Enquirer: 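Quick one: the structure is below, questions incoming.
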Amino acid sequence: HNVPRFTAKIIFIDFFIALIILTLFVEVFFARSLWDLVAKAGIAGLVVFASFFLLGSVKRELQTEEEIDKILHTLDETHARLQMLDHKKSEFVAIASHHLRNPLTAISGYASLLMDGSYGQLSSGMQSAISKILESNKRLIVMVSDFMDVTHIERGDMIYNFTDVDLKAMILNIAHDMEPAATRTHLWFDVLIEKEKTEDYITVGDLGKLRQVITNLVDNAIKYTPKGGVSLLLRKSHDKKHILFSISDTGIGMSHETLQKLFKKFSRAEGVSRVYTDGSGLGLYIAKRMIKKHEGRIWATSKGVGS
């Protein structure tokens, strides 16, 4: 589509140069003396010589512009195709995750009934096997939920239900649920809430989303702490305008490189598979997007050991 424009410019430049040269040669014919003839002929020759270089330069410049236009057009088409593929990918993940959730829930339900003895007494070996099925199924459900959350976040249709949230009550409730996991791996588990009035820890947020984020952070701290323990701290900022919640552990820590990519999609630190093999690398990405939606901030620090 740029060829006519390119041709028109060249024709215009050719015509303009030809007009100048013609004018100069006419001037040569009307020279009043030999010196005037030599001078005008020399100028005409120089103009002709320079015109060839000028015309070549202009043609190269116009050809470069045309090539750039073609490249930009190709990039636009490629970008549009990538956006379409990304949209299809998101749709596929959403559909696949939705259809996976139902059978996984059924597996969990029937396995729980078997463990409870609803279908008869089980041997210790069978109970151990079903317990492993339940644990693996639970991890799969979490991964499916992560994929669905990412799809909703990137499509912009994640639903938030903002209400008053008592963070103090939430943290105590999460700690009660998570402490047994720490105890099973022989970790100490501390919870410290600075003495403030109860209403000082009430904020506006989505209770389910905030609980999901904090539970994921505590779960990570326990998983990546082979020995020592985990501490939860809830307090007000020095100016009393913000609520600060932190999780400290004595675990494997994080390198500077890991900290740089920590909240990106599918990012997992090098070497974590030696401690914990599962994980989609989506939990902290989801956490950051959810906290940002609450107009909050989430970050991590580590000195190589502990986080």
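These values consider heavy atoms only, across backbone and side chains, with no hydrogens, waters or symmetry-generated copies. Model, not experiment: these values are computed from the prediction.
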Enquirer: Can you list every salt bridge (Lys or Arg N to Asp or Glu O under 4.0 Å) pair that touches residues 234-244, not counting sequence neighbours?
Expert: Glu196-Lys240
Enquirer: Crowded around Glu295 CD? As in, over 12 foreign heavy atoms under 6.0 Å?
Expert: no
Enquirer: Looking only at non-hydrogen atoms, find the nearest pair between Leu187 and Gly229 and report the distance.
Expert: CB-CA, 4.1 Å
Enquirer: With sequence neighbours excluded, tell me which residues meet side chain to side chain contact (heavy atoms under 4.5 Å, CB included) with Arg297.
Expert: Trp299
Enquirer: Can you tell me how far OH of Tyr224 sits from CG of Asp219, rounded to the nearest 0.5 angstrom?
Expert: 9.0 Å
Enquirer: Working to the nearest 0.5 angstrom, can you tell me the gap between Glu194 CD and Lys168 NZ?
Expert: 11.5 Å
Enquirer: Can you tell me if Ser108 uses its side chain to pair, donor with acceptor, with the backbone of Leu104 under 3.5 Å?
Expert: no
Enquirer: Hydrophobic clusters here meaning ILVMFWY residues chained together by side-chain heavy-atom distances under 4.5 Å, can you tell me if Ile243 and Leu210 are in one?
Expert: yes
Enquirer: Got a second to check how far Thr163's OG1 is from Ile202's CD1, nearest 0.5 Å?
Expert: 10.5 Å
Enquirer: A quick test of your reading: do over 12 heavy atoms of other residues, nucleotides or ligands sit less than 6.0 Å from CD1 of Ile159?
Expert: no
Enquirer: State, with a plain yes or no, whether a side-chain heavy atom of Tyr201 is found less than 4.5 Å away from one of Leu234.
Expert: yes
Enquirer: Quick check: does any side chain N or O of Ser131 sit under 3.5 Å from a backbone N or O of Gln127, one acting as donor and the other as acceptor?
Expert: no
Enquirer: Mind checking what makes side chain to side chain contact (heavy atoms under 4.5 Å, CB included) contact with Ala129, not counting sequence neighbours?
Expert: none
Enquirer: Going by side-chain heavy atoms closer than 4.5 Å, which hydrophobic residues are tied to Met126, directly or by a chain of links?
Expert: Tyr110, Leu113, Leu114, Met115, Tyr119, Leu122, Ile130, Leu134
Enquirer: Starting from Ile214, can I reach Val142 by hopping between I/L/V/M/F/W/Y residues whose side chains sit under 4.5 Å apart?
Expert: no
Enquirer: Are Met158 and Lys209 side-chain neighbours, meaning at least one heavy-atom pair lies under 4.5 Å?
Expert: yes
Enquirer: Same cluster or not: Ile291 versus Phe245, using hydrophobic residues (I, L, V, M, F, W, Y) connected whenever any side-chain heavy atoms lie under 4.5 Å apart?
Expert: yes
Enquirer: Determine whether Phe263 and Arg289 make a side-chain contact, defined as any pair of heavy atoms from C-beta on separated by less than 4.5 Å.
Expert: no
Enquirer: What's the shortest heavy-atom distance between Leu262 and Ala300, and which atoms?
Expert: CD2-CB, 3.5 Å
Enquirer: Does Val213 share a hydrophobic cluster with Phe162, counting links as ILVMFWY side-chain heavy atoms below 4.5 Å and allowing steps through other members?
Expert: yes
Enquirer: Test of understanding: with side chain to side chain contact (heavy atoms under 4.5 Å, CB included), list the residues that count as partners of Thr215, not counting sequence neighbours.
Expert: Ile174, Met178, Arg211
Enquirer: How long is the gap from CG on Asn220 to CG on Asn216, to the nearest 0.5 Å?
Expert: 4.5 Å
Enquirer: Looking at Lys261 and Glu257, is there a salt bridge between them, counting it only when a charged N and a carboxylate O are closer than 4.0 Å?
Expert: no
Enquirer: Within the structure provided, determine whether Thr78 and Arg81 are in side-chain contact (heavy-atom separation under 4.5 Å).
Expert: yes
Enquirer: Using side-chain heavy atoms (C-beta onward) and a distance below 4.5 Å, is Tyr160 in contact with His294?
Expert: yes
Enquirer: Specify the closest pair of heavy atoms between Ser302 and Gly253, including all atoms of both residues, with the distance to one decimal.
Expert: OG-CA, 3.5 Å
Enquirer: To the nearest 0.5 Å, what is the distance between CG on Asp146 and CE on Met143?
Expert: 8.0 Å
Enquirer: Mark yes or no for whether Asp249, through its side chain, and Val230, through its backbone, hold a donor-acceptor pair below 3.5 Å.
Expert: no
Enquirer: Does Leu217 reach the side chain of Leu284, with side-chain heavy atoms less than 4.5 Å apart?
Expert: yes
Enquirer: For Asp76, which residues count as a side chain to side chain contact (heavy atoms under 4.5 Å, CB included) partner, sequence neighbours excluded?
Expert: none
Enquirer: Is a side-chain N or O of Ser128 found less than 3.5 angstrom from the main chain of Ser124, in a donor-acceptor match?
Expert: no
Enquirer: Mind listing the closest non-hydrogen atom pair of Ala221 and Ile247 along with its distance?
Expert: CB-CG2, 3.8 Å
Enquirer: Would you give the length of the straight line joining atom CD of Glu179 to atom CZ of Phe189, rounded to the nearest 0.5 angstrom?
Expert: 6.0 Å
Enquirer: Checking Thr250 side chain against Lys227 main chain: does a donor-acceptor pair fall under 3.5 Å?
Expert: yes
Enquirer: Hydrophobic clustering (ILVMFWY, side-chain heavy atoms < 4.5 Å, transitive) - are Val305 and Ile222 grouped together?
Expert: no
Enquirer: Mind checking whether Val204 and Asp164 have side chains closer than 4.5 Å, heavy atoms only?
Expert: yes
Enquirer: Between Asp206 and Lys293, is there a side-chain heavy-atom distance shorter than 4.5 Å?
Expert: no
Enquirer: Taking side-chain contact (heavy atoms from CB on, under 4.5 Å) as the criterion, tell me which of Asn102, Asn137, Leu140 meets it with Ile107.
Expert: Asn137
